[in-house]
Protein chains: 2
Amino acid sequence: MSGGEFNSWQTVQAEVLRRINAREWKPGDFIPNEAELSVEFGCARATVNRALRALADTGLLDRRRKAGTRVALNPVRKATLDIPVIRYEIEGKGQTYRHTVLSQERAVPPSGIRARMQIEPGIKLIHLVTLHLADGKPYVFGDRWINPEAVPGIESADLTVKSANEWLVANIPFEGGDFSFSAMTAGKREAEILACREGEGLFVIDRSTWNDGLVITSVRLTFAPGYQMHTKI
Amino acid sequence: MSGGEFNSWQTVQAEVLRRINAREWKPGDFIPNEAELSVEFGCARATVNRALRALADTGLLDRRRKAGTRVALNPVRKATLDIPVIRYEIEGKGQTYRHTVLSQERAVPPSGIRARMQIEPGIKLIHLVTLHLADGKPYVFGDRWINPEAVPGIESADLTVKSANEWLVANIPFEGGDFSFSAMTAGKREAEILACREGEGLFVIDRSTWNDGLVITSVRLTFAPGYQMHTKI
DNA sequence: CAGTGGTCTAGACCACAAG
DNA sequence: TTGTGGTCTAGACCACTGG
């Protein structure tokens with residue numbers, strides 16, 4: 001019964017996982033507390049803590065002070081997904097990257113963008129449409145709004161050299177971002193830009209990033225047909 | 001210069017973040033080692049370690065033994081996204097959930113599925129097509145293949161009561177899964193099942209889960225138009 | 001109130017990899 | 001070889017929250 005060499009947190013984690021998988025601890029069950037497990041496993045409580053905390057982070061355990069630790073009832077697993085810069089994504093596949101600015105202007109944003117970015121009516125933002133190409137073929141195009149108030153220096157940047165996204169991540173820190181993933185149907189504009197047929201299903205990412213309570217930029221990335229985003233648990 | 005009350009790892013993390021954002025530590029720069037920081041911040045090295053490790057997990061820092069810790073050069077940020085059970089997702093919005101089995105049979109899978117699931121040619125799997133409805137309207141349909149070798153008891157389960165996904169997560173442990181997100185164009189079949197127009201763009205999730213080196217199930221979820229997946233950094 | 005997880009500490013040893 | 005992060009420990013106190 002008493003454990004053997006469970007002195008590393010990975011070992012403890014593996015054993016806990018084994019017991020969950022073997023249904024020795026079933027979903028909803030409380031498991032022994034950290035002190036008890038540390039005795040059983042012959043290690044420090046901090047080691048048990050690290051192992052259980054990691055499992056809780058993935059959504060497999062549910063931990064609450066005083067209540068204890070239980071095996072999660074509804075396994076809402078958490079996957080982590082990488083948000084790469086498009087250039088790295090393309091170059092990582094061994095393809096050559098190029099991007100072009102289709103248009104750049106100051107304009108009053110539509111209401112949807114205004115709401116997303118918490119902008120007063122009538123304020124003009126920078127509106128930038130860019131196309132990113134992999135091996136010369138359209139890969140994704142970005143329809144981006146930038147709040148110049150939140151981005152000092154953007155006016156003087158040459159965004160035809162470095163893409164807006166790259167310039168922003170290199171120059172403007174941000175606290176957080178919202179992402180949403182969806183699909184859309186290619187209209188005339190998308191079909192032309194991405195060189196695909198009208199009516200094709202396209203993968204879309206909408207992203208806003210903010211800092212100091214100010215929304216910096218909001219962008220819609222529309223990918224050419226065939227794009228896939230991957231992740232693992 | 002010497003820090004004030006940086007005795008919690010969150011405080012240390014916040015200060016490190018501030019320095020990165022303020023460009024006191026620029027992308028690519030090495031930052032002081034843990035021992036030095038623990039002296040400066042007046043806390044234990046373990047506290048600094050926890051703070052820096054958390055930042056490295058989000059992709060903001062790059063840490064290597066002997067080399068040291070540097071501010072990440074290419075900011076591949078990591079977002080975590082929840083993989084909920086569809087019923088909970090729908091019920092969480094206050095809508096009523098219902099699902100129906102459109103077909104269930106044993107069949108030899110197409111080669112794509114065979115490759116994904118590492119199945120020998122000619123082996124029959126369980127093929128299950130289900131539709132999930134929110135407030136009576138089509139929400140998503142699942143085209144699923146199940147490896148009966150990896151899922152004892154599936155034959156006797158009534159999957160019209162509990163959906164296959166729910167039955168699996170409740171009864172079959174798994175080590176990991178692959179996810180891919182993409183878009184497709186609604187064909188005749190999708191349009192009929194989801195009650196949408198042919199040619200609409202649809203959001204698609206392909207997921208495989210495995211355990212003990214055996215692929216348990218592979219499913220393609222095709223969502224009705226308008227579906228969005230959200231996450232935050 | 002009291003039990004549980006959350007965290008900090010000081011010190012120690014180890015594992016890895018850069019030089 | 002040696003510096004750096006990675007981890008373990010034993011003990012302590014704290015914070016939250018269930019009863």
Side-chain angles (χ1 to χ4, degrees), chain A residues 2-17 19-20 25-73 76 78 80, chain B residues 2-17 19-20 25-73 76 78 80:
Chain A
S2 83
E5 289 297 310
F6 294 106
N7 31 13
S8 88
W9 71 267
Q10 287 100 333
T11 321
V12 172
Q13 192 188 46
E15 171 63 11
V16 171
L17 261 178
R19 295 189 186 182
I20 293 174
W25 293 336
K26 303 188 189 64
D29 284 0
F30 281 97
I31 76 176
N33 67 33
E34 295 187 349
E36 291 166 350
L37 287 177
S38 69
V39 170
E40 190 199 341
F41 292 152
C43 65
R45 183 166 80 91
T47 306
V48 174
N49 180 283
R50 170 108 192 240
L52 298 187
R53 193 155 38 77
L55 289 174
D57 284 343
T58 74
L60 213 60
L61 291 179
D62 195 14
R63 321 191 75 201
R64 271 149 57 197
R65 281 161 151 124
K66 164 75 179 175
T69 300
R70 61 166 73 195
V71 181
L73 208 44
V76 177
K78 288 166 166 55
T80 73
Chain B
S2 84
E5 290 295 311
F6 294 105
N7 32 12
S8 87
W9 70 268
Q10 288 98 334
T11 321
V12 172
Q13 192 187 47
E15 171 62 10
V16 172
L17 262 178
R19 295 188 185 182
I20 293 174
W25 294 336
K26 303 187 188 65
D29 284 359
F30 281 98
I31 75 176
N33 67 33
E34 294 187 349
E36 290 165 351
L37 287 176
S38 68
V39 171
E40 189 199 342
F41 292 153
C43 64
R45 182 167 79 93
T47 305
V48 173
N49 179 282
R50 171 105 192 243
L52 298 188
R53 193 157 36 78
L55 289 175
D57 284 344
T58 74
L60 213 60
L61 291 180
D62 195 15
R63 321 191 76 200
R64 272 151 59 199
R65 280 162 150 128
K66 165 76 179 172
T69 299
R70 62 166 72 194
V71 181
L73 208 44
V76 176
K78 288 168 167 52
T80 72

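Order of the sequence lines sets the chain letters (A, B, ...), proteins ahead of strands, with each chain counted from 1.
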Taking the side chain of [X] as heavy atoms from C-beta outward, which of [options] is closest to it?
X      : options                  : answer
R65(A) : dT7(D), dC16(C), dG6(C)  : dG6(C)
A44(A) : dG5(D), dT7(D), dA10(D)  : dA10(D)
A67(A) : dG5(D), dG18(D), dC16(D) : dG18(D)
C43(B) : dG5(D), dT9(C), dT9(D)   : dT9(C)

Does [N] have its OP1 or OP2 closer than 4.0 Å to a side-chain nitrogen or oxygen of [X]?
X      : N      : answer
T69(A) : dG5(C) : yes
T47(B) : dT9(C) : yes
R63(A) : dG6(C) : yes
Q10(B) : dG6(C) : no
N49(B) : dG5(D) : no
N7(B)  : dC8(C) : no

Item to complete: Measure from the side-chain N and O atoms of E15(A) to the backbone N and O of V12(A), and report whether any donor-acceptor pair falls under 3.5 Å.
Response: no
Rounding to a whole Å, what distance do you find between [X]:[atom1] and [N]:[atom2]?
X      : N       : atom1 : atom2 : result
R64(A) : dG19(D) : CZ    : C1'   : 13 Å
K66(B) : dG19(C) : NZ    : P     : 7 Å
L52(B) : dT7(D)  : CG    : P     : 13 Å
R50(A) : dT9(D)  : CZ    : C1'   : 15 Å
L61(B) : dG5(D)  : CG    : P     : 11 Å
D62(A) : dT17(D) : CG    : P     : 13 Å
R45(A) : dT7(D)  : CZ    : P     : 19 Å
Q13(B) : dC8(C)  : CD    : P     : 11 Å

Discussion item. Check this for me, if you would: do R19(B) and E40(B) make a salt bridge, where the nitrogen-to-carboxylate-oxygen distance has to be below 4.0 angstrom?
Written reply: yes
Extract all donor-acceptor atom pairs below 3.5 Å that involve side chains of residues 48-59 of chain A and protein atoms in other chains or at least two apart in sequence.
from	atom 1	to	atom 2	distance (Å)
N49(A)	OD1	R53(A)	NE	3.2
N49(A)	ND2	E34(A)	OE2	2.9
T58(A)	OG1	L55(A)	O	2.9

Discussion item. For A35(B) and A46(B), find the nucleotide of DNA chain D closest to each by heavy atoms; which residue's nucleotide sits nearer the 5' end?
Written reply: A35(B)
